[in-house]
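Residues take their numbers from the sequence shown, with the count starting at 1. Side chains included, hydrogens not; waters and symmetry mates left out as well; all remaining heavy atoms used.
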Amino acid sequence: MAASHQPASRMQWLFGAIALPRGWRLGAGPIIAAIVLAIIVMLSVLAPLIVPHDPMAIDALQRLKGPSETYPLGTDAYGRDVLSRVITGGRVSLFIGISAAIVSVMIGLLIGLVSGFFRMADAIIMRIMDSLMAIPSILLAIALVALNGPSIWSVMGAITIPEIPRVVRLVRSVVLSAREEPYVEAAIALGSSMPKILWQHLMPNTLAPLIVQGTYICASAILTEAILSFLGAGVSTEIPTWGNIMAEGRVYFQLKPSLIFWPGLMLSLCILSINLLGDTARDMLDPRLKKREG
């Protein structure tokens with residue numbers, strides 16, 4: 001009897017509910033999302049070692065070929081292997097997404113702590129943040145590309161700058177409520193230095209919402225990079241990204257839709273997985289949701 005239930009228990013462990021600390025249980029969705037995202041990240045990181053062909057190698061005799069043993073996903077208009085380019089394209093897209101999330105969260109955290117704690121600086125900082133939020137990322141990217149040329153850093157700047165004010169507003173709202181807590185007032189009364197109060201007493205309250213916000217920024221940055229590259233205002237076309245691959249394939253969409261389908265599928269799976277994990281982190285870290293579950 002015990003042997004007959006063993007396969008079922010393994011499937012339940014993989015796709016069913018998994019016990020987590022503090023009574024939380026994880027369903028199949030977040031587990032599958034984590035597995036998919038891990039595979040995408042692993043493929044992107046190991047791309048130079050596992051791609052079957054040079055993603056930049058041009059072969060005019062092999063242009064627009066269908067799937068074959070040599071080219072599993074076919075070739076593009078320049079005879080380049082689509083599979084190698086899709087795998088390699090994830091490196092730049094993920095790098096931009098993760099870097100934009102880290103930079104915007106770090107800068108937004110510092111500014112938000114100052115804005116939320118120091119009342120005199122709050123009004124000035126928030127007016128500056130409101131001005132930055134009014135700048136569309138696409139227009140900013142076009143301006144930066146016009147000034148500096150298409151590059152990864154121009155795209156990162158165009159994506160990061162509009163995200164910083166959103167992080168600042170989030171951190172500020174947390175600090176405004178936390179600074180009225182008795183333990184913060186006690187620290188002030190005992191003569192603790194301002195940096196110590198900010199980093200030891202106020203910053204820990206912002207970590208949970210920042211983790212969630214960081215996942216959304218990462219997914220949004222990856223999508224924005226693809227949009228900018230698709231419009232020709234992103235990374236140089238010499239560098240394969242999911243957006244650049246789709247931009248080059250749109251001309252041949254009616255002849256070969258797979259040129260857009262495969263990078264679009266990878267982009268969709270990546271963003272969907274990150275958003276799903278972000279929703280799961282929000283549900284786990286939000287104390288109000290914990291009370292409802294209880």
Side-chain angles (χ1 to χ4, degrees), residues 13-15 18 20 26-56 72-73 80-106 151-153 155-156 158-160 163 167 207-208 210-230 234-236 238-247 249 258-285:
W13 178 86
L14 183 59
F15 295 106
I18 293 182
L20 291 176
L26 236 131
I31 297 174
I32 296 175
I35 294 174
V36 171
L37 184 59
I39 293 174
I40 293 175
V41 172
M42 188 180 303
L43 289 175
S44 301
V45 172
L46 300 178
L49 303 176
I50 63 177
V51 292
H53 302 279
D54 182 357
M56 302 301 297
L73 299 183
R80 298 172 296 193
D81 180 35
V82 174
L83 176 61
S84 300
R85 290 181 61 79
V86 170
I87 294 176
T88 306
R91 293 171 60 87
V92 177
S93 298
L94 288 172
F95 173 77
I96 291 177
I98 296 173
S99 299
I102 293 175
V103 172
S104 59
V105 166
M106 291 181 62
S151 66
I152 296 177
W153 307 113
V155 174
M156 280 187 56
I159 295 173
T160 303
E163 294 292 346
V167 179
L207 293 181
L210 280 179
I211 292 174
V212 178
Q213 185 68 17
T215 60
Y216 295 145
I217 292 175
C218 180
S220 176
I222 293 174
L223 180 60
T224 303
E225 182 277 323
I227 294 173
L228 292 174
S229 297
F230 191 81
V235 180
S236 173
E238 298 178 356
I239 303 175
T241 68
W242 290 329
N244 278 339
I245 297 172
M246 289 189 290
S258 60
L259 293 177
I260 292 182
F261 173 77
W262 292 114
L265 177 63
M266 293 288 287
L267 177 66
S268 301
L269 289 175
C270 182
I271 294 175
L272 181 61
S273 300
I274 294 175
N275 283 335
L276 186 55
L277 293 176
D279 290 340
T280 303
R282 179 201 61 196
D283 296 342
M284 295 175 61
L285 298 174

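Annotation: side-chain hydrogen bond (donor to acceptor under 3.5 Å, both in side chains) contacts of D54 (sequence neighbours excluded): none. Under the side-chain hydrogen bond (donor to acceptor under 3.5 Å, both in side chains) criterion, T224 pairs with no residue, sequence neighbours left out. Qualifying side-chain contact (heavy atoms from CB on, under 4.5 Å) partners for L83, counting only residues two or more places apart in sequence or in other chains: P52, P72, L73, D81, I87. Take V45 and apply the side-chain contact (heavy atoms from CB on, under 4.5 Å) test, not counting sequence neighbours, and it matches V41.
For the side chain to side chain donor-acceptor pair (under 3.5 Å) condition, the pairs that include at least one residue of residues 86-95, sequence neighbours left out, are S93-E225.
Side-chain atoms of S84 do not come within 3.5 Å of backbone N or O of V51 as any donor-acceptor pair. Side-chain N or O atoms of S99 include none that pairs as donor or acceptor with a backbone N or O of I96 at under 3.5 Å. Judged by distance alone, with hydrogens and angles left aside, the side-chain atoms of S104 form a donor-acceptor pair with the main-chain N or O of A100 at under 3.5 Å.
One distance of note links CD1 of I222 with CD1 of I159; it measures 9.5 Å at 0.5 Å rounding. Atom CD1 of residue I227 and atom CE of residue M246 lie 9.0 Å apart, to the nearest 0.5 angstrom. Taking OG1 from T215 and CG from L210, the interatomic distance works out to 11.0 Å, rounded to the nearest 0.5 Å. In this structure, the separation between CD1 on I260 and CZ on F230 is 5.5 Å, given to the nearest 0.5 Å.
The minimum heavy-atom distance between S229 and G243, with the atom names listed, is CB-C, 3.7 Å. Closest non-hydrogen pair, R85 versus M56, comes out as NH1-SD, 3.9 Å. A pairwise comparison of heavy atoms in W242 and V86 identifies NE1-O, 3.0 Å as the closest pair. Minimum heavy-atom separation, G214 to A101: O-CB, 3.6 Å. Nearest heavy atoms, N244 versus V235: ND2-O, 3.3 Å. Smallest separation of non-hydrogen atoms from P240 and V92: O-CG2, 4.0 Å.
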Return all side-chain donor-acceptor pairs below 3.5 angstrom for residues 263-278, not counting sequence neighbours, or 'none' if the list is empty.
from, atom 1, to, atom 2, distance (Å)
S268, OG, G264, O, 2.8
S273, OG, L269, O, 2.7
N275, ND2, I271, O, 3.4

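Contact check for I217 versus V167: side-chain heavy atoms found under the 4.5 Å cut-off.
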